[in-house]
> 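Sending over a structure as structure tokens; questions will come in a sec.
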Number of protein chains: 2
Amino acid sequence: MSLSTNFQPLYKQVYDTLIERLSAGYWKPAAALPSEFALAEEMGVSQGTVRKALNQLVAENILVRRQGKGTYVSEHTQESSMFRFFRYREAGGDDLIPSTEVIALERREATAREIEKLELNTRHKNAELGVVEVTRIRSINGKPAIFERVLQPLAIFQDIDKERELPNSLYTLYQEKYNISIVEVRDELQAVSLPADIADHLNLTANAPVLMTERASINIDGRVAEWSQAYCSTDNFVYSVSLK
Amino acid sequence: MSLSTNFQPLYKQVYDTLIERLSAGYWKPAAALPSEFALAEEMGVSQGTVRKALNQLVAENILVRRQGKGTYVSEHTQESSMFRFFRYREAGGDDLIPSTEVIALERREATAREIEKLELNTRHKNAELGVVEVTRIRSINGKPAIFERVLQPLAIFQDIDKERELPNSLYTLYQEKYNISIVEVRDELQAVSLPADIADHLNLTANAPVLMTERASINIDGRVAEWSQAYCSTDNFVYSVSLK
DNA sequence: TAGTGGTCTAGACCACCAC
DNA sequence: TGGTGGTCTAGACCACTAG
């Protein structure tokens, strides 16, 4: 076998091993990892090589390091999830914290388009095609602002429709109960006329121009874990994003 | 004087020095920097410390490294600028390359809001408040899709209204002629009703829902270099972005 | 005081490129 | 063949944390 085709730097191999363990839930959220020297000895590399892999994971917000204490699995708190992935801001730029109310919850089969968006067909033949659809209203300063439908594949979130209560930011639940750590979201935005049936929920007139966002949320293992669609009035706020 | 308050790691000092030189145009776009060892000797640090600073600049797309050849200043080509900062995509996800037509060009005073957005007041008292406003139509597949107004402060872009021709992606011009390297853009998106005077330019009906984006473009020195506003129909495409 | 991560150095070896 | 960046190691010293 040729080595050149398979060659991976040691730090990359260490990185992959760590990702694998984190994906498998080997270390729980907020848990401390072994020290750099301990990991280095276990994997048979130098401490500097482990450090390089750890720094990469820190850059991806998967780990956090605290000088003098240790290296920890990032915890998706309500606040950090909001701050990181919730992109609506006041026109001035101030952060907004929405409150959230679930208005419907249904277990059903995914449609063809949803199967594609959730990449359910690529998993395996005879894949579980059931999903839970959660419909929520998110309010800002007490006023309804965002109408959102979230799709959760049952293949990933077993019996999530049996949860007693859904938190404001679902990602904390995903991490704690289902070993799903969202590390990336992919948004697609369009301006559309507000559908009449949604207008009621937002106290807006039908056909008002609203922002429609579709979001695929990516797990640490690189696969789509959740897909959602939202309608948002941008009369009082903006979708704010920085590209580097 | 206390050292602790001013303490900066060596690699950070090297980084700052390099940023300063790049901002000043000490190295031109596409130019090769000295080798790691040469920089290390010049700055009195080890090669590993220089490497850490260089890698940071590579991560920020400011430098590119080619194994066996050297380290170069990133060049803002038409293609790379488009791919990096132009976020409109077909619903399927394929890249779009717009063509661009300038329909108006005016030199005038900035309004109060524009002064704030361009941060002209923070530069110095008696700052130059003149701007050039370029109005452009960007077409995709030959059909007008985006109506855009770009504001260029004369304090940064001297006599830019005298340019014979403006390229499709302005950032290449900024880098080549004005020593401005855009390293970040901050977008704010809203859904609005298409104003009547703009509807004509886009062959759309007035009041159609369109995406309105406001963009501040940030120079390598961290300051706003350009501010623009655009109206875009999203009937056939989406604004696509990934958050990590 | 002991253990952790943070910085910095020096040096070895490899892969790639150009002459 | 010589110069460049890419990887890896080993070790020193510092700063922070906790008992």
Side-chain angles (χ1 to χ4, degrees), chain A residues 1-19 21-22 27-75, chain B residues 1-19 21-22 27-75:
Chain A
M1 175 166 53
S2 162
L3 259 180
S4 61
T5 55
N6 301 39
F7 174 75
Q8 291 277 71
L10 285 183
Y11 71 84
K12 174 66 170 147
Q13 297 176 39
V14 173
Y15 173 91
D16 289 340
T17 301
L18 294 172
I19 282 278
R21 291 189 186 175
L22 289 161
W27 295 300
K28 300 297 177 197
L33 268 65
S35 74
E36 296 181 346
F37 280 103
L39 285 170
E41 191 181 10
E42 182 205 331
M43 304 192 184
V45 298
S46 76
Q47 171 255 9
T49 300
V50 169
R51 170 177 288 269
K52 186 158 182 175
L54 291 175
N55 281 340
Q56 178 62 32
L57 290 159
V58 169
E60 294 166 10
N61 290 304
I62 293 169
L63 300 178
V64 292
R65 318 190 74 175
R66 300 199 194 99
Q67 186 173 140
K69 299 191 71 178
T71 304
Y72 301 82
V73 182
S74 288
E75 205 175 0
Chain B
M1 177 164 52
S2 160
L3 259 181
S4 61
T5 55
N6 302 37
F7 174 74
Q8 291 278 72
L10 284 183
Y11 70 84
K12 175 65 171 147
Q13 296 176 40
V14 172
Y15 173 92
D16 289 341
T17 302
L18 293 173
I19 282 278
R21 290 188 185 175
L22 289 162
W27 295 301
K28 301 297 178 195
L33 268 65
S35 74
E36 296 180 345
F37 280 103
L39 285 170
E41 191 182 9
E42 183 206 331
M43 302 191 184
V45 298
S46 76
Q47 173 256 5
T49 300
V50 169
R51 170 177 289 269
K52 186 158 183 176
L54 290 175
N55 282 339
Q56 178 62 32
L57 290 160
V58 169
E60 294 167 9
N61 290 304
I62 293 169
L63 300 178
V64 293
R65 319 190 72 173
R66 300 198 194 99
Q67 186 174 140
K69 299 191 69 178
T71 305
Y72 300 83
V73 182
S74 288
E75 205 176 358

> Between C1' on D:dG3 and OH on B:Tyr72, what's the gap in Å once rounded to a whole number?
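It is 11 Å, rounded to the nearest whole Å.
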> Let me know the distance between OH of B:Tyr11 and C1' of D:dC14, rounded to the nearest Å.
14 Å
> Under a 3.5 Å threshold, yes or no: a donor from one side chain and an acceptor from the other, between B:Gln8 and B:Gln13?
no
> Figure out the CD/C1' separation between B:Gln56 and C:dC8, and round it to whole Å.
17 Å
> Please give, in whole Å, the distance from D:dG5 P to B:Leu63 CG?
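That distance rounds to 11 Å.
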> So A:Phe37, base contact, sugar-phosphate only, or nothing? Heavy-atom distance under 4.0 Å.
nothing
> Using the side chain to side chain donor-acceptor pair (under 3.5 Å) definition, which of the options A:Glu60, A:Lys52, A:Gln56 pairs with A:Tyr15?
A:Glu60
> Of the candidate nucleotides C:dA15, C:dC17, D:dA18, which contains the atom at the shortest distance from the side chain of B:Gln67?
C:dA15
> Check B:Val73 against B:Pro29 and note the closest heavy-atom contact, atom names and distance.
CG1-CA, 3.8 Å
> Determine which bases of DNA chain C form Watson-Crick or G-U wobble pairs with both distances under 3.5 Å, and write the result as a 5' to 3' dot-bracket string with | for other-strand partners.
||||||||||||||||||.
> Any non-hydrogen side-chain atom of B:Tyr72 less than 4.5 Å from a side-chain atom of B:Glu75?
no
> Which one of A:Leu63, A:Val14, A:Leu33 satisfies the side chain to side chain contact (heavy atoms under 4.5 Å, CB included) criterion with A:Leu57?
A:Leu63
> Nearest 0.5 angstrom please: B:Leu18 CG to B:Ile62 CD1, how far?
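Between atom CG of B:Leu18 and atom CD1 of B:Ile62 there are 10.0 Å.
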> From D:dC8, D:dC16, C:dA15, pick the nucleotide closest to the side chain of A:Pro9?
D:dC8
> State whether A:Arg66 places a side-chain N or O below 4.0 Å from either non-bridging phosphate oxygen (OP1 or OP2) of D:dC16.
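Checking D:dC16 against A:Arg66, no side-chain N or O comes under 4.0 Å of OP1 or OP2.
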> In whole angstroms, how far is the C1' atom of D:dG5 from the CG atom of B:Asn55?
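It works out to 10 Å between those atoms.
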> Could you tell me whether A:Glu36 contacts a base, only the sugar-phosphate backbone, or nothing, with contacts defined as non-hydrogen atoms closer than 4.0 Å?
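The residue A:Glu36 makes sugar-phosphate contact but no base contact.
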> If you measure from CD1 on A:Ile19 to NZ on A:Lys12, what distance do you get to the nearest 0.5 Å?
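A:Ile19 CD1 to A:Lys12 NZ: 8.0 Å, rounded to 0.5 Å.
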> What is the distance from atom OH of A:Tyr11 to atom CG of A:Asn55, rounded to the nearest 0.5 Å?
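With rounding to 0.5 Å, OH (A:Tyr11) is 12.0 Å from CG (A:Asn55).
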> Starting at CZ of A:Arg65 and ending at P of D:dC16, how long is that distance when rounded to a whole Å?
16 Å
> Please work out which residues in residues 38-52 of chain B have a non-hydrogen atom less than 4.0 Å from an atom of DNA chain C and list them by number.
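Those residues are B:Val45, B:Ser46, B:Thr49, B:Lys52.
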> Would you kindly give the NZ-to-C1' distance between A:Lys69 and D:dT17, to the nearest whole Å?
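Rounding to the nearest Å, NZ of A:Lys69 and C1' of D:dT17 are 7 Å apart.
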> Measure the distance from CD on B:Gln8 to C1' on C:dC8 and round it to the nearest whole Å.
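Taking atom C1' of C:dC8 as the reference, CD of B:Gln8 is at 16 Å.
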> How far does CE of A:Met43 sit from OG1 of A:Thr17, to the nearest 0.5 angstrom?
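So the gap between those two atoms works out to 5.0 Å.
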